[in-house]
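Accompanying notes for the structure given below.
Owing to the predicted nature of the structure, the values given are computational and were not obtained by experimental measurement.
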Amino acid sequence: MSETRCYAFRRLNPFLGTTQVVDTAQGRAVSVDGVNWELQLRMRLPAGWGFLDRAGGDTAYLRFGVWSKAEGLARFPPARNVDPNAAEKSAAALLDEIGAALPRLPFGLIDTLECWLVDIVRKPLALIASLKADDVLPERAPRRWAPLLPEVARASSDDFSPLSGWVAERALPGPCWISRDAQGNGTLFKGMNGERKTFAAGEFPETLVDLGSCRDDPVRELHDRYLAVLAPRLLMLPLTPATRARLEVLAARQPTEIARFWRLYPAICDRALVNTARVQAQLIATS
């Protein structure tokens with residue numbers, strides 16, 4: 001690898017936001033907020049404690065440490081059989097690449113191979129997994145959509161399980177892998193018993209789950225509260241201006257979450273609203 005690649009992918013299932021990646025000849029750095037980065041060095045040594053994604057024994061990833069602009073570098077305990085001077089040199093080069101990449105946040109999403117639950121009319125219902133276009137499909141994919149992790153759901157006192165129940169009732173038994181192009185259109189990649197099908201960009205729900213056909217008022221109300229809880233993270237997605245503006249209003253109720261994730265928003269409709277939320281988060285942090 002001779003060039004630095006910067007890209008992002010979605011964190012599913014449930015949706016937690018995006019992971020930003022700076023990938024270089026020295027290794028890669030990953031971040032879920034654009035501030036705190038984990039450094040993983042690419043090393044040509046036998047795998048031992050602290051190595052990730054070892055394949056074939058030629059190269060492996062060493063978890064070297066975490067870095068932020070405000071707090072600097074905190075190193076993990078050194079791994080055995082690693083030349084500390086070589087590791088420090090690689091880490092310094094990787095840090096230079098992170099610094100150069102920060103102004104370009106957020107990076108473009110590359111997980112364009114998507115696993116969807118579809119409904120009886122073959123319409124995308126809920127996104128449950130995604131991969132890079134050249135990744136190998138897993139033998140088994142998730143078969144149930146999960147709305148929120150418990151730590152995220154704490155922002156609300158609601159039980160969101162009826163949402164996943166509603167989706168499960170309307171989804172066909174098997175999920176489908178769909179390849180998306182740059183315009184958002186999709187082509188069936190695997191699933192539907194070999195059926196050939198294409199999807200227009202507008203058929204995919206922007207917020208990754210479609211309750212448009214729901215006529216159950218309690219479930220629809222719960223979906224509205226779900227969007228309110230997840231809004232600061234959903235704003236990391238590519239959205240139409242109308243949807244983004246609506247989610248910004250919902251997200252403003254959680255200023256601390258906006259302050260954490262705003263760097264990863266590809267666009268902002270109401271910058272004054274977002275900036276006000278960031279100021280509120282600072283006041284909360286210092287109170």
Side-chain angles (χ1 to χ4, degrees), residues 1 3-42 52-55 59 61 63 66-67 94 97-98 100-117 124 126-142 145-149 151-152 175-187 189-190 199 201 204-209 230-239 244 247 257 260-267:
M1 180 184 297
E3 296 183 358
T4 297
R5 297 176 59 226
C6 297
Y7 55 86
F9 56 87
R10 287 161 290 189
R11 301 163 62 203
L12 302 160
N13 172 30
F15 177 70
L16 298 175
T18 62
T19 295
Q20 309 291 310
V21 182
V22 178
D23 202 349
T24 76
Q26 292 76 31
R28 63 192 179 196
V30 298
S31 175
V32 299
D33 58 13
V35 175
N36 301 286
W37 295 82
E38 178 177 301
L39 277 62
Q40 302 171 0
L41 304 184
R42 185 177 287 107
L52 304 173
D53 299 342
R54 184 170 182 262
T59 60
Y61 283 100
R63 299 180 66 237
V66 291
W67 175 87
L94 182 53
E97 295 295 339
I98 297 172
L102 288 179
R104 304 204 302 273
L105 286 172
F107 309 138
L109 295 172
I110 65 167
D111 53 334
T112 57
L113 190 55
E114 301 177 344
C115 186
W116 285 86
L117 295 176
L127 181 65
I128 53 178
S130 64
L131 295 169
K132 302 191 300 294
D134 57 354
D135 282 340
V136 177
L137 293 184
E139 292 184 5
R140 303 183 69 178
W145 174 73
L148 294 169
L149 283 181
E151 54 265 35
V152 180
C176 299
W177 286 96
I178 299 172
S179 178
R180 304 283 297 276
D181 63 21
Q183 290 72 43
N185 302 310
T187 302
F189 191 83
K190 183 179 180 181
F199 304 83
F204 296 92
E206 291 183 278
T207 57
L208 310 184
V209 61
L230 206 58
R233 297 168 188 258
L234 289 170
L235 287 169
M236 299 184 215
L237 298 172
L239 303 166
R244 183 170 298 281
L247 289 177
E257 290 287 277
R260 181 183 178 192
F261 294 122
W262 69 272
R263 296 169 184 82
L264 305 187
Y265 297 166

Apply side chain to side chain donor-acceptor pair (under 3.5 Å) to E97 and list each qualifying residue two or more places apart in sequence or on a separate chain.
T4

Minimum heavy-atom separation for [X] to [Y], with atom names?
X	Y	value
I128	P142	CD1-O, 2.8 Å
R5	I110	NH2-CD1, 4.4 Å
P14	A146	CB-O, 2.9 Å
G27	L94	O-CD1, 4.1 Å
P147	W145	CB-CH2, 3.6 Å

Hits for salt bridge (Lys or Arg N to Asp or Glu O under 4.0 Å) against R180, two or more places apart or cross-chain, chain-then-number order -> E114

Under a 4.5 Å cut-off applied to non-hydrogen side-chain atoms, are [X] and [Y] in contact?
X	Y	value
P205	P124	yes
L127	W116	yes
L234	F15	yes
I98	L39	yes
W177	P138	yes

If you measure from [atom1] on [X] to [atom2] on [Y], what distance do you get to the nearest 0.5 Å?
X	Y	atom1	atom2	value
C115	F189	SG	CZ	12.0 Å
L16	L149	CG	CG	5.0 Å
S31	E38	OG	CD	10.5 Å
L148	R233	CG	CZ	9.0 Å
L237	L230	CG	CG	8.5 Å
F107	L105	CZ	CG	4.0 Å

Could you walk me through whether F204 and I178 satisfy the side chain to side chain contact (heavy atoms under 4.5 Å, CB included) test, starting with their C-alpha distance in whole Å, then the side-chain angles of each, then the deciding distance to 0.1 Å, before giving a yes or no?
CA-CA 11 Å; F204 296 92; I178 299 172; 3.9 Å; yes

Apply the test side chain to side chain contact (heavy atoms under 4.5 Å, CB included) to residues D135 and D111: give CA-CA distance (whole Å), side-chain angles for both, the deciding distance (0.1 Å), then the verdict.
CA-CA 9 Å; D135 282 340; D111 53 334; over 6 Å; no

Using the side-chain contact (heavy atoms from CB on, under 4.5 Å) criterion, which residues pair with [X]? Sequence neighbours excluded.
X	answer
T19	F9, R11, V21, V30, V32
T18	R10, Q20, L109, M236, L264
A231	L247, L250, A251
D181	Q183, N185

Sorted by chain and number, sequence neighbours left out, ring pair (Phe, Tyr, Trp, His ring centres under 6.0 Å) with Y265 holds for none

Residues N36, V66; criterion side chain to side chain contact (heavy atoms under 4.5 Å, CB included); working and verdict
CA-CA 7 Å; N36 301 286; V66 291; over 6 Å; no

Please report the C-alpha distance between R263 and D33 in whole Å, then the side-chain angles of each, then the deciding distance to 0.1 Å, and finally whether the side chain to side chain contact (heavy atoms under 4.5 Å, CB included) criterion is met.
CA-CA 7 Å; R263 296 169 184 82; D33 58 13; over 6 Å; no

Cation-pi check, R28 onto Y61 ring (under 6.0 Å, within 45° of axis)
yes

